[in-house]
Number of protein chains: 2
Amino acid sequence: MNPSTPGTLLVIDDERQIRRLLRVTLEGAGYRVREAETGQLGLQEIAAAAPDGVILDLGLPDLDGVDVLRRLREWSRLPVLVLSVREAEEVKIAALDAGADDYLTKPFGGGELLARVRALLRRASTDAEPAILRFGDIELDRASRVVRRSGEEVHLTAKEYALFALLAQHRGKVVTQRQLLRDIWGANAEDNSHYLRVHMTHLRQKLERHPSAPELLKTEPSIGYRLIG
Amino acid sequence: MNPSTPGTLLVIDDERQIRRLLRVTLEGAGYRVREAETGQLGLQEIAAAAPDGVILDLGLPDLDGVDVLRRLREWSRLPVLVLSVREAEEVKIAALDAGADDYLTKPFGGGELLARVRALLRRASTDAEPAILRFGDIELDRASRVVRRSGEEVHLTAKEYALFALLAQHRGKVVTQRQLLRDIWGANAEDNSHYLRVHMTHLRQKLERHPSAPELLKTEPSIGYRLIG
DNA sequence: ATCGAACTTAAGGATAGTTTCAAAATAGCG
DNA sequence: CGCTATTTTGAAACTATCCTTAAGTTCGAT
């Protein structure tokens, strides 16, 4: 938003055309841009110039883009936006797992690029959330891991708490079954949506006024659940 | 809108007459116009001159117009308006599937051409997709996966939401039935256009002021649907 | 005008998904 | 080690959503 401090970005890409496209687009929006042609040089540049964010093409000749990312993550949380071609799903996922903050599929429009970059840098600067969240007469105290209902403490089991906390973190948004399962039970339980259903029932019985007509913990059939806040 | 920056357009057409007609009409409205006689030359011109949009005739002698489009889409999302004769439904659909942004049937009036071109460029300039899209009194919050109508939340089923979100993503441009079916139901449901019709009816009943005279969700008979935004 | 293709709309049954209860397995704690 | 709390598993009833069928409508073409 503030054009005086949009920040410096490092583009790591071996194709000159793409580098030029990125430079033009980003400088047009007020960012300063540095370039590196290989992963090796990119890592050096990061250490030397300390940019505010990195745009990393996954199709690099020397190091695999994912490797660059892994190495970087050994010592830095610098925001990284990853670039890939549509087909490379595998690579994209590997990159996200290795700590990429976002990805963009080639070909992309200038507007989309800028939006992603903005989001990338914004996220990096503000990720603090208050410790106590309130939803009607329910409150979640994340600092002490306690849930209260009209002031009274409600005992939740580990899974119940994890579920509630995750939904609370995304208050108002639908959280997919897959996401819930992956975060709480791990990646290999992604199909056991039954777990979710059972624990959701328990949660409702502890937190809802009328458990069978929930006002707080809503179902989105075949998608996921959502906490109304 | 702003006559000082209407942009440069590349016309790719083998018929001199049509090129002249387009040039006159577009320059009259303040656009700068470049021309290319074949698909081959057109692609070169795009790479060299970087126009803001392309008007592509599908009836080219060297490359099939659809091929030109496919090649272009390998590296660019440049807005493309496609020109075809009324009879060539197949080709038109193929072009839209290959990534054309809009189409115009020959013969066409100058006013219609200009309106489409304006829409084409406007759309391209604002593809910094914000999380919340607005269409009249309807808003689509993609982050939360929620749709509101005059502020009130409207509940959409999974299919309805997918359909609406897909159309919204391509606001203003026709999305082919095939595209919709493939994206939402999967590749093997490409013929069941009836699914679309039923769910579109439901969507209209939830979102339109007068469901049987839709202002938002328009039908393009035998092509697809289009969300006016 | 009439026809046909494509579309809209309504309604019921089929299906996929959800809730709920309860019992079996597991984990955690004294 | 045994007890309890928790989680997982299983089964049944229930519900929302989706698909299908069928009738009516629109619109361009013959």
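Since this is a predicted model, take the numbers as computed values, not measurements. Below, read A as the first sequence line, B as the second, and so on, with proteins coming before strands; counting in each chain starts at 1.
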*Asks:* In terms of relative ring orientation, are A:F164 and A:F135 parallel, tilted or perpendicular, with 30° and 60° separating the classes?
*Replies:* perpendicular
*Asks:* Quick one: which of D:dT6, D:dT17, C:dA10 gets closest to the side chain of B:V198?
*Replies:*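 Among D:dT6, D:dT17, C:dA10, the one nearest the side chain of B:V198 is C:dA10.
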*Asks:* Nearest whole Å is fine: how far is C:dT20 C1' from A:Q205 CD?
*Replies:* 8 Å
*Asks:* Within this structure, what is the NE2-to-P distance between B:H194 and C:dA10, rounded to whole angstrom?
*Replies:* 13 Å
*Asks:* Take atom NZ of A:K173 as the centre, draw a 6.0 Å sphere, and report whether it contains more than 12 heavy atoms from other residues, nucleotides or ligands.
*Replies:* no
*Asks:* What's the CG-P distance between A:L196 and D:dT8, to the nearest Å?
*Replies:* 11 Å
*Asks:* In whole Å, what is the span from the CG atom of B:D191 to the P atom of C:dC7?
*Replies:* 14 Å
*Asks:* Is there a salt bridge (charged side-chain N to carboxylate O under 4.0 Å, His left out) between B:K106 and B:D57 once you walk through the steps?
*Replies:* CA-CA 10 Å; B:K106 292 187 288 193; B:D57 196 325; 2.7 Å; yes
*Asks:* Knowing that exactly one of B:R20, B:R23, B:R16 qualifies, which makes a side chain to side chain donor-acceptor pair (under 3.5 Å) with B:E35?
*Replies:*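 Exactly one candidate clears the test, B:R23.
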*Asks:* Starting at atom OH of B:Y195, determine the distance to atom P of C:dA6, rounded to an integer number of angstrom.
*Replies:* 18 Å
*Asks:* Please confirm whether the shortest side-chain N or O distance from B:H202 to OP1 or OP2 of C:dT8 is below 4.0 Å.
*Replies:* no
*Asks:* Below 4.0 angstrom from OP1 or OP2 of D:dC19, is there any side-chain N or O of B:W185?
*Replies:* yes
*Asks:* Have a look at A:S212 and say if it touches a base, only the backbone sugar-phosphate, or nothing, with a 4.0 Å heavy-atom cut-off.
*Replies:* sugar-phosphate
*Asks:* For residues 216-229 of chain B, which residues have at least one heavy atom under 4.0 Å from DNA chain D?
*Replies:*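 Nucleic-acid contacts, sorted: none.
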*Asks:* Look at the side-chain N and O atoms of A:H155 and state whether any lies under 4.0 Å from the OP1 or OP2 oxygen of D:dT6.
*Replies:* yes
*Asks:* What is the separation between atom CD on B:E208 and atom P on C:dT9, rounded to the nearest whole Å?
*Replies:* 10 Å
*Asks:* Just wondering, are more than 12 heavy atoms of other shown residues or ligands nearer than 6.0 Å to CZ in B:R209?
*Replies:*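 Check fails, neighbour count at 12 or below.
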*Asks:* OP1 or OP2 of C:dC7 versus the side-chain N and O atoms of B:Q177: is any pair under 4.0 Å?
*Replies:* yes
*Asks:* Would you kindly give the CE-to-P distance between A:M200 and C:dT20, to the nearest whole Å?
*Replies:* 12 Å
*Asks:* Stepwise, does the salt bridge (charged side-chain N to carboxylate O under 4.0 Å, His left out) test hold for A:D101 with A:R122?
*Replies:* CA-CA 12 Å; A:D101 297 279; A:R122 168 162 29 83; over 6 Å; no
*Asks:* Can B:R182 and B:T176 be said to form a side chain to side chain donor-acceptor pair (under 3.5 Å), step by step?
*Replies:* CA-CA 10 Å; B:R182 189 151 31 79; B:T176 63; 5.8 Å; no
*Asks:* Base, sugar-phosphate, or nothing: which does B:T201 touch, judged by heavy atoms less than 4.0 Å apart?
*Replies:* base
*Asks:* Does OP1 or OP2 of C:dT19 have a side-chain N or O of A:R204 closer than 4.0 Å?
*Replies:*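 For A:R204, the contact criterion (side-chain N or O under 4.0 Å from OP1 or OP2 of C:dT19) is met.
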*Asks:* In whole Å, I'd like the distance from the CG atom of B:N192 to the P atom of D:dT21.
*Replies:* 11 Å
